[in-house]
Amino acid sequence: MLRFATSTLLLIGVIQGNAFPVLAQDVEQRATVLHLNQTAERSVTRDLLRVELRVDETGADPSTVQAAINRRMAAALDRAHQAQGIRVETGFYNVGQERPTAGSAPWHGSQSVILTGKDTDTLLKLAGTLQSDGLSISSLHYEVSPETRDAAQAELTAKALDALDRRAAAIAAHLHLAVLRYRDLRVGNAEAEGRPVPRLGTMAAAAPVAEPGEATVRVTVEAELLLAGSRP
């Protein structure tokens, strides 16, 4: 009799043990699926200045034009590399024949140099010097540096997740349910918006003046949650 009772208890334990996963699976199948997205944002100062200047040359043949561009650009790069904390890179290089007016058509060519840095005083002074050397500014604008964007990303991600948690709990409570678990979560990267449109065209040969302004950095998170009865 004792042996039969022990076996019965073991059998009940096995049945109940197997029933727990089945019960949990059944609860999830009957759960309400909630889709949410939440955005956190804040304003930051644009702290990276980008200036693009170009060399323009016109001549009777392409060789003359290219030689003049190469000489002037080499001098510009040499001067630019003397400035501390400024990233220097060359941009487009183009040489082509213009439409004929009277007689043979002249050749025109240009090449750009791009200066980027956080030391705006040094950069603007350098840009003004290159303007005095005959280069023209084709664009000038501020951007949010990767370091500033990444620093804001961690803060905004936590802020968006906290807000999403609170919103999910409030919705569940309104429906007399409870948040069972997150089934899917997608976290976006920080994006900076409000970048100014670059100013194009030739500017006067004087040191340019620029103000950074602000940009909005935002992070968006998307989630899929399961809601069930408060006592499933």
Side-chain angles (χ1 to χ4, degrees), residues 36-55 73-93 110-133 135-168 182 184-204 206-224:
L36 284 180
N37 67 74
Q38 186 70 42
T39 298
E41 62 182 38
R42 71 178 176 91
S43 295
V44 298
T45 300
R46 299 187 186 97
D47 57 344
L48 188 68
L49 180 60
R50 178 184 174 92
V51 182
E52 185 172 355
L53 303 96
R54 69 174 187 272
V55 170
M73 183 55 67
L77 291 176
D78 182 64
R79 187 183 292 275
H81 283 302
Q82 295 177 27
Q84 298 296 318
I86 305 300
R87 190 180 71 193
V88 182
E89 60 181 301
T90 54
F92 69 90
Y93 190 128
S110 62
Q111 185 179 12
S112 68
V113 58
I114 302 167
L115 311 174
T116 309
K118 292 186 176 182
D119 186 349
T120 57
D121 290 339
T122 299
L123 201 159
L124 292 173
K125 182 179 179 180
L126 173 60
T129 300
L130 293 177
Q131 281 182 298
S132 300
D133 292 340
L135 278 72
S136 302
I137 292 182
S138 55
S139 70
L140 182 154
H141 63 270
Y142 279 91
E143 302 174 352
V144 177
S145 69
E147 297 82 10
T148 298
R149 186 183 63 243
D150 291 345
Q153 179 171 276
E155 173 194 338
L156 293 175
T157 298
K159 184 177 179 181
L161 288 172
D162 288 343
L164 191 143
D165 263 345
R166 293 192 299 270
R167 188 179 177 195
Y182 281 74
D184 186 57
L185 179 65
R186 300 181 184 184
V187 180
N189 295 325
E191 298 180 354
E193 297 185 0
R195 172 176 158 177
V197 178
R199 292 185 283 168
L200 303 176
T202 302
M203 296 184 180
V209 178
E211 290 291 337
E214 293 188 337
T216 300
V217 178
R218 58 172 50 92
V219 169
T220 298
V221 296
E222 299 178 1
E224 188 177 274

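By convention here, the first residue in the shown sequence is residue 1.
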Colleague: Can you tell me how far the CZ atom of Arg218 sits from the CD atom of Glu191, to the nearest 0.5 Å?
Modeller: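 Here the rounded value is 8.5 Å.
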Colleague: Nearest 0.5 angstrom please: Thr129 OG1 to Leu124 CG, how far?
Modeller: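 The distance works out to 11.0 Å.
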Colleague: Gly117 and Ile86: which non-hydrogen atoms are nearest, and at how many Å?
Modeller: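 Gly117 and Ile86 have their closest heavy atoms at CA-CD1, 4.4 Å.
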Colleague: In Å, rounded to the nearest 0.5 Å, how long is the span from OG1 of Thr122 to CD of Gln84?
Modeller: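 Thr122 OG1 to Gln84 CD: 9.0 Å, rounded to 0.5 Å.
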Colleague: Heavy atoms only: give me the nearest Gln153-Ala190 pair and the separation to one decimal.
Modeller: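 Looks like OE1-N, 2.8 Å.
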Colleague: Which residue, Asp133, Ile114, Leu126, Val113, forms the side-chain contact (heavy atoms from CB on, under 4.5 Å) with Leu53?
Modeller: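 That would be Val113.
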Colleague: Which residue, Asp150, Thr116, Asp47, forms the side-chain contact (heavy atoms from CB on, under 4.5 Å) with Ser145?
Modeller: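 One option only clears the test, and that one is Asp47.
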Colleague: Roughly how far apart are Thr90 OG1 and Glu52 CD, rounded to 0.5 Å?
Modeller: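 Atom-to-atom, Thr90:OG1 and Glu52:CD are 10.5 Å apart.
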Colleague: When rounded to the nearest 0.5 angstrom, what is the spacing between CG in Leu48 and NZ in Lys118?
Modeller: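 So the gap between those two atoms works out to 7.0 Å.
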Colleague: Does some side-chain heavy atom of Leu130 sit less than 4.5 Å from a side-chain heavy atom of Leu115?
Modeller: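 Yes, close enough: below the 4.5 Å cut-off.
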Colleague: Counting C-beta onward and ignoring hydrogens, is there a side-chain heavy-atom pair between Tyr182 and Leu36 closer than 4.5 Å?
Modeller: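 Not touching, per the 4.5 Å side-chain cut-off.
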Colleague: Is there side-chain contact between Leu185 and Leu161, with at least one heavy-atom pair below 4.5 Å?
Modeller: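 A side-chain contact under 4.5 Å exists here.
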Colleague: Treating Arg186 as the side-chain partner and Glu224 as the backbone partner, does any N or O pair qualify as donor plus acceptor under 3.5 Å?
Modeller: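 Not confirmed, Arg186 side chain does not pair with Glu224 backbone.
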Colleague: Around atom CZ of Arg42, are there more than 12 heavy atoms of other residues, nucleotides or ligands at under 6.0 Å?
Modeller: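 Yes.
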